[in-house]
Amino acid sequence: MKVKVISRNPDHYLRETRKDLHRLPRNYDPSLHPFEANREYVRALNAVKLERVFAKPFVGNLDGHRDGVSCIGKHPKSLSLLASGSYDGEVRLWNLAQRICLKQSKAHDGYVRGLTFNSDGTNLITVGDDRTIKTWNTEATTLKDESPINTVISKTSITGISHHISDPKYATCGEVCQLWEESRSEPIRSFRWGFDSVHNIAFNPVESNVLGTCGNDRSIVIYDMRRTGPVRKVVMTMKCNQLCWNPMEAFVFTCASEDFNLYTYDSRYLRSPIIVHKDHVSAVTSVDYAPTGRQFVSGSYDKSIRIYNNDKVHSHEIYHTKRMQHVTFVQWSLDNKYIISASDEMNIRIWKAKASEKLGVLNRRERAALEYNEALKKKYESHPQIRRIARHRQIPGHIHKAQNEIQVQKQKNLRKEVNRRQHSKPGTVPFVPDKQASVIEEQE
């Protein structure tokens, strides 16, 4: 009898660096693996459980302010530099990698209303309640109480500032919106729609000639520097605290509102928002987009930070600590890995954008394992057990209680509206969707 024996050279299946890793030949014929789906489901279930086990988003904090932090600004070129301003007028420049304060100065008398870096990051421009616009050199070697390189005294109060993405121009808001050049001490243009003051302004990073503002009369106004007057205006039922443009979609912006929601608009059609983002239980104070444009982060007076997908109503992540109080400002880092939040208990916190992400360098096998687990979770994300584990989050007691109260109020209002519609003439009590209920009127 003749027997054929398979003979393989073991040296062909060993690594040059490690001799304990063997590569085995496999046949991927589905008929030979009838339990492949079962094994993949178990692996997906373990992957989503481990993701929740290792979900520890808090990285560290920057401690040093002696009063509540009112605003923060990220450097346009360096990932490690961050500027912050507080209620007592102090401005600090931080090194995020080392978590130390590089510079500090008593910049303003009173509230620091806003700060921004110029387009190349060499200067920091701050505004405050003392009606001054001060420019600071971020590359100076002095560490304490340095004097500004330029000071401009405004004729009107200033409540916000935003710098152009590339040109040496910046815009301020307050009693009137003004456009400035860095080399001049007088505004080159002024914008106004109505007589109410404006408390937030933001340049569009894509269409750099477009500005968005939030006013105290519950309005959102779109300006274009190429035109003599405003472009569009929408009046909402509640005031918007901050506006942020999507860095990947030029016409889309999201605003944080006092009615606990966030509204994503298309600036070409302001009659109703594209989507209403819910889940917060108190006024939303700040919002910022990720560099990818697919997600954004929001901070609220309910002492929590939430991360949303730009096309979803509900948040998929909530960050909170026992000591964190009202969140006043949030920023998403330019490398899409970290979130920086400022709160009114004098602290600046650093969070991971993805709660379970491993910090540091990954080797090839770790990266391949993570990619395989992500593919499995996406494949089985609709399974009830995996969906339940992936959605589970620990929510503070005060937020959970407030959510129940809000739900009871919504059910009461809905039941009252249904009763009114049933006992009224047809058409006298029309059904108004949530998107349209938040908008009073649009003006052009």
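Only heavy atoms go into these numbers, but all of them, side chains included; no hydrogens, no water, no symmetry mates.
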In plain terms, say whether [X] and [Y] are close enough for a salt bridge, that is, a side-chain N and a carboxylate O under 4.0 Å apart.
X	Y	result
Glu317	Lys354	no
Asp434	Lys278	yes
Glu175	Arg192	no
Lys239	Asp217	no
Glu381	Arg387	no
Asp120	Lys77	no
Arg421	Glu417	yes

Is there a donor in the side chain of [X] and an acceptor in the side chain of [Y], or the other way round, less than 3.5 Å apart?
X	Y	answer
Glu90	His108	no
Thr264	Thr254	yes
Trp136	Ser105	no
His65	Glu345	no
His164	Ser119	no
Asn95	Ser80	no
Ser315	His277	no
Glu258	Asn241	yes

*May I ask you to check whether Trp351 and Phe58 place their ring centers less than 6.0 Å from one another?*
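Ring centres of Phe58 and Trp351 closer than 6.0 Å.
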*Run the ring-centre check on His326 versus Tyr301 and record whether the distance is less than 6.0 Å.*
yes
*Show your working on side chain to side chain donor-acceptor pair (under 3.5 Å) between Arg349 and Ser343 and close with a plain yes or no.*
CA-CA 8 Å; Arg349 291 176 173 84; Ser343 48; 3.3 Å; yes
pair [X]-[Y]: side-chain heavy atoms closer than 4.5 Å:
X	Y	value
Thr135	Pro148	no
Ile386	Leu45	yes
Phe260	Met238	no
Val408	Lys412	no
Leu211	Asn204	no
Val281	Lys401	no
Trp180	Val152	yes

*Test Asp63 against Arg99 for salt bridge (Lys or Arg N to Asp or Glu O under 4.0 Å), laying out the working first.*
CA-CA 9 Å; Asp63 194 8; Arg99 302 181 197 173; over 6 Å; no
_Atom pair CG (Leu93) and CG (Leu82), whose distance is rounded to the nearest 0.5 Å_ = 8.0 Å
*In Å and rounded to the nearest 0.5 Å, what is the CD1 to CD1 distance from Ile406 to Ile399?*
10.0 Å
*Is atom CZ of Arg189 surrounded by more than 12 heavy atoms (other residues, nucleotides or ligands) closer than 6.0 Å?*
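Above 12, so yes.
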*Passes salt bridge (Lys or Arg N to Asp or Glu O under 4.0 Å), Asp335 versus Lys337? Steps please.*
CA-CA 6 Å; Asp335 61 349; Lys337 285 186 175 294; over 6 Å; no
*asked:* Give me the atom names and distance for the closest heavy-atom approach of Ser190 to Val176.
replied: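 Heavy atoms only, the tightest pair is CB-CG2, 4.2 Å.
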*Which heavy atom in Ala290 sits nearest to a heavy atom in Pro247, and how many Å separate them?*
O-CG, 3.4 Å
*Would Asn347 and Asn61 count as a side chain to side chain donor-acceptor pair (under 3.5 Å) if you check the C-alpha gap in whole Å, the side-chain angles of each, and the deciding distance to 0.1 Å?*
CA-CA 7 Å; Asn347 217 328; Asn61 67 317; 3.2 Å; yes
